[in-house]
Amino acid sequence: MLQISFIRQNIDFVKERIQHKNFKEVSIVDSIVALDEQVRKLKVESETLQASMNTASKEIGMLMGKGEKGLAEEKKEEVSKNKSALQQLNEQLGAAEKQLQDELVKLPNLPHSTVPKGKTPEENEVVRAGGNKPVLPETAVPHWELIKKYDLVDFETGAKITGSGFPLYKGKGAKLQRSLIQYFLDYNTAAGYTEYLPPLLVNEASAYGTGQLPDKEGQMYHATADNFYMIPTAEVPVTNIYRDEIVKESELPIKMTAYTPCFRREAGSFGADVRGLNRVHQFDKVEIIQLVHPEKSYEVLEEMVQHVEQLLQNLQLPYRLLRLCGGDMSFASAITYDFEVYSAAQQKWLEVSSVSNFESFQSNRLKARFKDANGKTQLVHTLNGSSLALPRIVASLLENNQTEKGILLPEVLHAYFGKNSIGDL
RNA sequence: GGAGACGUGUCCGAGUGGUUGAAGGAGCACGCCUGGAAAGUGUGUAUAUGGGAAACUGUAUCAAGGGUUCGAAUCCCUUCGUCUCCGCCA
């Protein structure tokens, strides 16, 4: 959520930037400004009235203390008269505030000046690429075939237990998940991130805090009996650690990492996109999250991008780094970099990480703040990135490293996996 | 899930309708004292938001939300959380 004071002072700029994000309802900005003005006007009226009533009440208290009952009774009646007027004012004020809030949450974050123009994924900018695409033998097959061959994931039984898109990992497949998770966490903690293992269900306030609500309600599984939401990413519970908190400037940057399963309804997905591990309803992901000083957030963004990039290099996967165009970026993001790995048998680029700077958009909703050197409270900037999402990493590892006899694993995984390959190598 | 107790500022803790944003203490900050420190001592010490150039000032906040009242930390209702006992359970 953008700060109302900022919008108020930069109306034209806000209008210009949201269009860059392919946001059409520019008129919302005008209605926000109008509502804000109305709210403030009503507030002054209401508070002035309230103040006079408060003063009168105190006077009544003093009169009672002196035993001057008659005078006190007179005052009481006087104040009573104002009550309905105040109530009316407050109703108007409440309605206006709600309207303002409703409009405010519809407004996306403003894209950073370096975000490329564009509306579709095709217009994303390739920043750089790394690793080498493998040359596969004629007999190479996509990962869902390899999964069958080595009995790594049982999709059918997963569908029986729950539904399609809920993979049942098995044997070496399960162990590979565990190895990757542990490797990623170790890699992140070595870089100074503190490991968390958060709740996987969150309440409404948390879902709202990171912007999943009201925006992406349909994307989350909702446990209605208790009104909890299953997390679509660790970002939600972990970022909410600092909801309504004020930290000392010296505590920044706060670096956190967490492994969690992620649950996504992915309503409307179909076809080749959902084949095998390409898109599933439950998947494992290790996330990195930082809360930083506003002046440092772009520096930290670069640092996080490099951190993820190194991880992909360690896994020896061919990858490319994209700077997302305005239209393809998420609602809350000011700038987003995506990492994609090349899955050689499918001959497809698969998104495995998304690194974003939210600036103060999330922290404004969360009220995650710090006290600066002058003792003023300021919003922190929040950033997060996947390091990494597992299924597509697994897909790419399997496809790119397949041989006649088995699948070779990158060296960094050998110790975790307890073996250097899957199969009879 | 049932029964009971409770939820006050950074922390401890007083406060059952009237100048209480909240006694007292601790902590913290700054000053005095000291060769330096400790002790002692003085002052200050919430957040949000409106108005104001500023000094300053209005409003709200004693878990959250609602209600009663001229007036609520104090009374009532709902929700959430903590603790104790019982039940269930890994």
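Each chain gets a letter, A, B and so on, in the order its sequence line appears, and its residues count up from 1. All values below were derived from every heavy atom in this structure, side-chain atoms included, with hydrogens, water molecules and symmetry-related copies excluded.
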Visitor: With rounding to the closest Å, how many angstrom separate the C1' atoms on B:rA54 and B:rA64?
Guide: 37 Å

Visitor: Say we look at B:rG7 and B:rA14: how far apart would their C1' atoms be, to the nearest angstrom?
Guide: 16 Å

Visitor: For a quick test of reading the model: is some side-chain N or O of A:Gln50 closer than 4.0 Å to OP1 or OP2 of B:rA60?
Guide: yes

Visitor: Could you let me know what B:rU69 is paired to, Watson-Crick or G-U wobble, both distances under 3.5 Å, or none if it's on its own?
Guide: none

Visitor: Assign each of A:Met64 and A:Lys83 to its nearest nucleotide of RNA chain B by heavy atoms, then name whichever residue's nucleotide is nearer the 5' end.
Guide: A:Met64

Visitor: May I ask you to verify if any side-chain N or O of A:Arg369 is less than 4.0 angstrom from the OP1 or OP2 atom of B:rA48?
Guide: yes

Visitor: Considering only the C1' atoms, how many Å lie between B:rG24 and B:rU8, rounded to the nearest integer?
Guide: 14 Å

Visitor: For B:rU45, which nucleotide in any strand shown is its Watson-Crick or wobble partner with both distances under 3.5 Å?
Guide: B:rG27

Visitor: If you look at every strand shown and take non-hydrogen atoms under 4.0 Å, does A:Thr48 touch a base, only sugar-phosphate, or nothing?
Guide: nothing

Visitor: Give one of base, sugar-phosphate or nothing for A:Ala51, where a contact means two heavy atoms less than 4.0 Å apart.
Guide: sugar-phosphate

Visitor: Looking across every strand, which nucleic acid part, if any, lies under 4.0 Å from A:Lys43 by heavy atom: base, sugar-phosphate, or nothing?
Guide: sugar-phosphate

Visitor: Checking A:Asn278 against A:Arg275: is there a side-chain donor and acceptor pair closer than 3.5 Å?
Guide: no

Visitor: How far does the P atom of B:rC76 sit from the matching atom of B:rA5, given to the nearest Å?
Guide: 12 Å

Visitor: Which part of the nucleic acid, if any, lies within reach of A:Asn54 when heavy atoms closer than 4.0 Å are counted: base, sugar-phosphate only, or nothing?
Guide: sugar-phosphate

Visitor: Can you tell me how far P in B:rU10 sits from the matching atom in B:rG67, rounded to whole Å?
Guide: 27 Å

Visitor: How far, in whole Å, is B:rG44 from B:rC70 if one measures between their P atoms?
Guide: 38 Å

Visitor: Under 6.0 Å between the ring centres of A:Phe331 and A:Phe361?
Guide: yes

Visitor: For B:rC80, what is the paired nucleotide under Watson-Crick or G-U wobble rules, both distances under 3.5 Å?
Guide: B:rG7

Visitor: Between A:Lys367 and A:Ala56, which has a closest nucleotide on RNA chain B that is more 5'?
Guide: A:Lys367

Visitor: Centre of A:Tyr208's six-membered ring, under 6.0 Å away, within 45 degrees of the axis: is that where NZ or CZ of A:Arg365 sits?
Guide: yes

Visitor: Can you check the distance between B:rA72 and B:rA22, where both ends of the measurement are the C1' atom (answer in whole Å)?
Guide: 13 Å

Visitor: P atom, B:rU16 versus B:rA63: distance in rounded Å?
Guide: 15 Å

Visitor: Mind checking the CD-CD1 spacing from A:Gln290 to A:Ile254? Nearest 0.5 Å is all I need.
Guide: 10.0 Å

